[in-house]
Structure formats: C-alpha cells, structure tokens
Peer 1: 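Mind looking over this structure? Questions follow.
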There are 2 protein chains.
Amino acid sequence: MADKDISFLLALAQKADLHGTLASSTVQLAEELGVSQQTVSRKLQDLFDAGTIDKSITPNGVTITLTEKGKAQLRALYGELQQLFGKQLVLHGIVKDGFGEGKFYMSQEGYIKQFAGLLGFTPYHGTLNLAVDKYAAALFLSTKKQSYISGFQTKERTFGGLKCYPILIAKKTAGAVVVPDRTAHTLDTIELIAPIYLRDQLKLENGKEVVLS
Amino acid sequence: MADKDISFLLALAQKADLHGTLASSTVQLAEELGVSQQTVSRKLQDLFDAGTIDKSITPNGVTITLTEKGKAQLRALYGELQQLFGKQLVLHGIVKDGFGEGKFYMSQEGYIKQFAGLLGFTPYHGTLNLAVDKYAAALFLSTKKQSYISGFQTKERTFGGLKCYPILIAKKTAGAVVVPDRTAHTLDTIELIAPIYLRDQLKLENGKEVVLS
DNA sequence: ATTACTAGGTTCCGAGTAA
DNA sequence: TTTACTCGGAACCTAGTAA
C-alpha cells in the first residue's frame, strides 16, 4: 500500500534532504509536484498514518521530517536498484575528441613512472576520451580496483594527483581509466590510457563505440 | 505518466536481470506480484506503449526485454537516490563482540608497519566490531579515501590484503575502517582500528552506539 | 493452456468550501 | 492566509469471458 506513495516520499526526501526538516505548505508542494493542494494534504496524512513521516501543522504551513521507517523504505528501494545496476560488468562509451591536454599530461615523467610501476606497462603519451553515461560509469568504476597516483611538481608548475582504475579495453587491450582529482568535467567523459596508441591499433574514430570490462 | 508504473518496471527488471529477457506469462507474473492477470496484461501493454519494454506474445506466454529507455528510467531513479544517500556523512554502528581474530591480525608486523605508514599512527593490537546497515556502510565508505594494504607471508601462513578507509570515530579519535579482501561477513559488520584501545578510552560496551565521520 | 476485451466496483483526484 | 472535509468524475483493478 505504501508502495504506491514511494515516489511522493522520495520527492519529499529530496526537498527535506533526508535528515533535516522541510518547512513548506500544501499549496506550495502542490505546485512543485504538479498535483492539487488537496492531494498533497491527503498524501501527507497517508504517509503520516503509515509512519513514514512526522508532520506538524502550523498556521502558516506544514513542517515535515522523515522517520527512520521512511528512510528505511527509500534505502530499501535504493538497495534494490543497487543490486540491479551493481552487476554492471561492462561500460559502453563513445570515442570523442580530447583537446590535447591528455597528451601533455601523459608526457610528464612524474606520471609515467608511477603508471609503469602500478599498471605494469608504460602508457602511450596520450589519452582516449570516451563519452559515457555518468551513472553507469560511476557504477562500473566502483567495482574496479582503485589506485592512486600522487601529484608532483616541476620547475614550471604543479601536477595534481589522480585516481586510476585498471580495465580491459575492447576485450583486447589492458589499460586504465584515469580520473584527475581536480577534474573539469564530471564522469560524462572518461579518459583512457594504454600501452599503445588506441586510435590506430583499434581503428577507432570519433563516434565509434568501445566496451570496457 | 510512466512515473506511476516505475515500481512495476523495476519488478520486471529484477526478474529479467536488466539486460537479458524474461520468459513468463501474465498469470505467473500476476501471482508473483500480487495482482490480477488482467492488470499484468494491461500494464505490460502500457509499458510497451510507453516504449520502456519490448514484449512478444507466444502461445505459451510473454517474453519481455527492457528497452534502453526503460533502463534509463530506472537509472534515473537510481541516480536520484544516489544523490540522496550519497550525502551520507556519518555512519551509525552498534558495538558488538568480535572473536579475537582482530587481535591476532593486528599483532602481525606485516600489517602494523603498513598501517603506520599509511595512517600516521601505530594501531592498537585489536579491532572494534560494529554492526551497521549494509547499504549505509557501503555508501559511507564509498565517500572515503580508499587505501590498500598488501598481503604478505610468514613462515606459518599467508595473510591477505585489505582495504582501509581513514575515518573519525565518535568525533574524537582518528582511526580507520578495515575491510579484508576475503571477508567472511558482508558489510553488516565493520572493523575499526585506532591508535588507542577504543573500548576503554571511549567507554564502549556491547550494544552502545558509535558515530563515524 | 495462453492474451486481452468488457463491465462493474473500488480507489483516487481535485474543485468547492468550511474551519 | 492556512489545512482538510465533501462529493462528483476520472482512473484503476478484477471477475467473467472471447479469441
């Protein structure tokens, strides 16, 4: 029965920030959620009766907090989805243009030496950029072993640290995903390194799909 | 509109394993989901019309596959929950008995030296076991910096590697969560190490609650 | 055995309105 | 201003049944 109102509960949780309280009104919530004020009023009562939220009515609105039971319900849903997506064993990405920074960074001795020690190969002096699904990428990488490459300094400038996840590229080539600590883009784009020049060896062009595992 | 049927879609995804197909029948699904055969039939049509599943009808049932759109919908929901729980900054745990193995492992020079180098303190020769929520623990740890302690060998036996996450115990003591590579329990229980004997110094007994941050 | 249409009952939503 | 009740109509579910 509470199964139906779970998306309503989720919406409240997003506004109330999981822990913490939400001071609002049924009118305002109705507007934000695209339903009537009456529906909000009724649903809040239902959730309260179900023990998933605490609410207190004041002359100028309602104040809402999620109960432990309410949080548990969302966490259960989260767990189910996690099980679903957690089994993600491969990641699909589309080859896209980098802007040459990869080449610059991968020419730095400070990085190359650490990569060689950690991965067992000397990386080619460039990176391959892949456009990926942000969530899928986060999940995929979370199942991989994470290594850390320390930052360092040269006379000219400072180079930051980066995370590094060994993976298999296109079921053929051992390589790694590299995520700089101070990364510009989110995980919409990931950078690959490998012992060879991937674009040539795997005959990749922009727009081609690559599978990581 | 498809927002209402998302739990139905999730149920299908769980049976079909996200990728992959589900061969079943409306009668069987109805039983498993606790609704009528007619409702299953109608909902499958709705989902098909919405483009979230592919279905093919055979004389002895239906075969169902999630479309990219369907997967994307679930992933979006997952992402929202991830944002909610990803902000998890503290983890609550209940002190429970270990079985002395912690003490044994934390007396091994091979581990102690690495911990000292990595964490900046020499750990007390024992661990504190906490009962925690499995999902909350996974989330909490995923936001912490992961370090790796290598396995090693002695004359007698082999010791496996373990992951290590620096954290703050009870808002006072710097310590770390330790997760052996070959762990017996899942994350229902986590092991803490610290430079001091936590049970005495923090006046902890079994059943007491501890906050990690 | 299937899926799925029709019909009737139940649930749910929202405009009006009381408090 | 609030919240929340009443009530008519829309949406939804299931039993019966056709294909």
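Below, all heavy atoms of this structure are taken into account, side chains as well, without hydrogens, waters or symmetry copies. Proteins come first, then strands; the chains are lettered A, B, ... in the order of their sequence lines, and each starts at number 1.
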Peer 1: Using the ring centroid of each side chain, check whether B:Tyr78 and A:Tyr78 are separated by less than 6.0 Å.
Peer 2: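 Yes, the ring centres sit under 6.0 Å apart.
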Peer 1: Over all strands shown, is A:Ser41 touching base, sugar-phosphate only, or nothing at heavy-atom distances under 4.0 angstrom?
Peer 2: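 It contacts base atoms.
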Peer 1: Do you see a donor-acceptor pair shorter than 3.5 Å between the side chains of B:Thr127 and B:Lys103?
Peer 2: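 Judged by distance alone, the side chains do not pair up.
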Peer 1: Does A:Lys43 have a side-chain nitrogen or oxygen under 4.0 Å from the phosphate oxygens OP1 or OP2 of D:dT3?
Peer 2: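 No, because none of the side-chain N or O atoms of A:Lys43 sits under 4.0 Å from OP1 or OP2 of D:dT3.
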Peer 1: Rounded to the nearest Å, what distance is computed from the CG atom of residue A:Asp46 to the C1' atom of nucleotide C:dT11?
Peer 2: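 To the nearest whole Å, that distance equals 12 Å.
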Peer 1: With respect to the side chain of A:Val62, which nucleotide from C:dT3, C:dG14, D:dT3 is positioned closest?
Peer 2: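 Per side-chain heavy atoms of A:Val62, the pick is D:dT3.
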Peer 1: Is A:Arg42 near enough to C:dC13 that one of its side-chain N or O atoms lies under 4.0 angstrom from OP1 or OP2?
Peer 2: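 Result: yes.
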Peer 1: Without decimals, in angstroms, what is the distance between A:Phe48 CZ and D:dT3 P?
Peer 2: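 Distance check: A:Phe48 CZ to D:dT3 P gives 15 Å.
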Peer 1: Rounding to a whole Å, what distance do you find between A:Leu44:CG and D:dA4:P?
Peer 2: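 The answer, rounded to whole Å, is 8 Å.
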Peer 1: Determine, step by step, whether A:Phe115 and A:Phe121 satisfy the ring pair (Phe, Tyr, Trp, His ring centres under 6.0 Å) criterion, reporting the C-alpha distance in whole Å, the side-chain angles of both residues, the deciding distance to 0.1 Å, and the verdict.
Peer 2: CA-CA 7 Å; A:Phe115 276 126; A:Phe121 63 80; 7.9 Å; no
Peer 1: Between D:dT3 and A:Thr26, is there an OP1 or OP2 to side-chain N/O distance shorter than 4.0 Å?
Peer 2: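 Result: yes.
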Peer 1: Ring-plane angle category for A:Phe159 and A:Tyr105, please: parallel below 30°, perpendicular beyond 60°, tilted otherwise.
Peer 2: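 Judged by the thresholds at 30° and 60°, the geometry between A:Phe159 and A:Tyr105 is perpendicular.
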Peer 1: Tell me whether the side-chain N/O atoms of B:Thr39 come closer than 4.0 Å to OP1 or OP2 in D:dT14.
Peer 2: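 Yes, such a contact exists.
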Peer 1: Nearest whole Å is fine: how far is C:dT2 P from B:Asn60 CG?
Peer 2: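 Computing the B:Asn60:CG to C:dT2:P distance gives 8 Å.
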Peer 1: Between D:dG9 atom C1' and A:Gln38 atom CD, what is the distance in whole Å?
Peer 2: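 It works out to 14 Å between those atoms.
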Peer 1: Is there a donor and acceptor pair, one atom on the side chain of A:Gln45 and one on the base of D:dA4, closer than 3.5 Å?
Peer 2: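 Counting by modelled atom types and ignoring angles, no donor-acceptor contact under 3.5 Å is found here.
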Peer 1: Taking atom P of D:dC12 as reference, at what distance in whole Å does atom CG of B:Leu47 sit?
Peer 2: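 These atoms are roughly 13 Å apart.
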Peer 1: Can you tell me the distance, in whole Å, between the CD1 atom of B:Ile57 and the P atom of D:dA19?
Peer 2: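 Spelled out: CD1 on B:Ile57 to P on D:dA19 is 18 Å.
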Peer 1: Within this structure, what is the CG-NZ distance for the pair A:Leu9 and A:Lys69, rounded to the nearest 0.5 Å?
Peer 2: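 These two atoms lie 11.0 Å from each other.
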Peer 1: What is the distance, to the nearest angstrom, from the CG atom on B:Leu29 to the P atom on C:dT3?
Peer 2: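 Distance, rounded to whole Å: 9 Å.
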Peer 1: What nucleic acid atoms does A:Gln37 come within less than 4.0 Å of, heavy atoms only: base, sugar-phosphate, or nothing?
Peer 2: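 If one applies the 4.0 Å heavy-atom cut-off, A:Gln37 turns out to touch a base.
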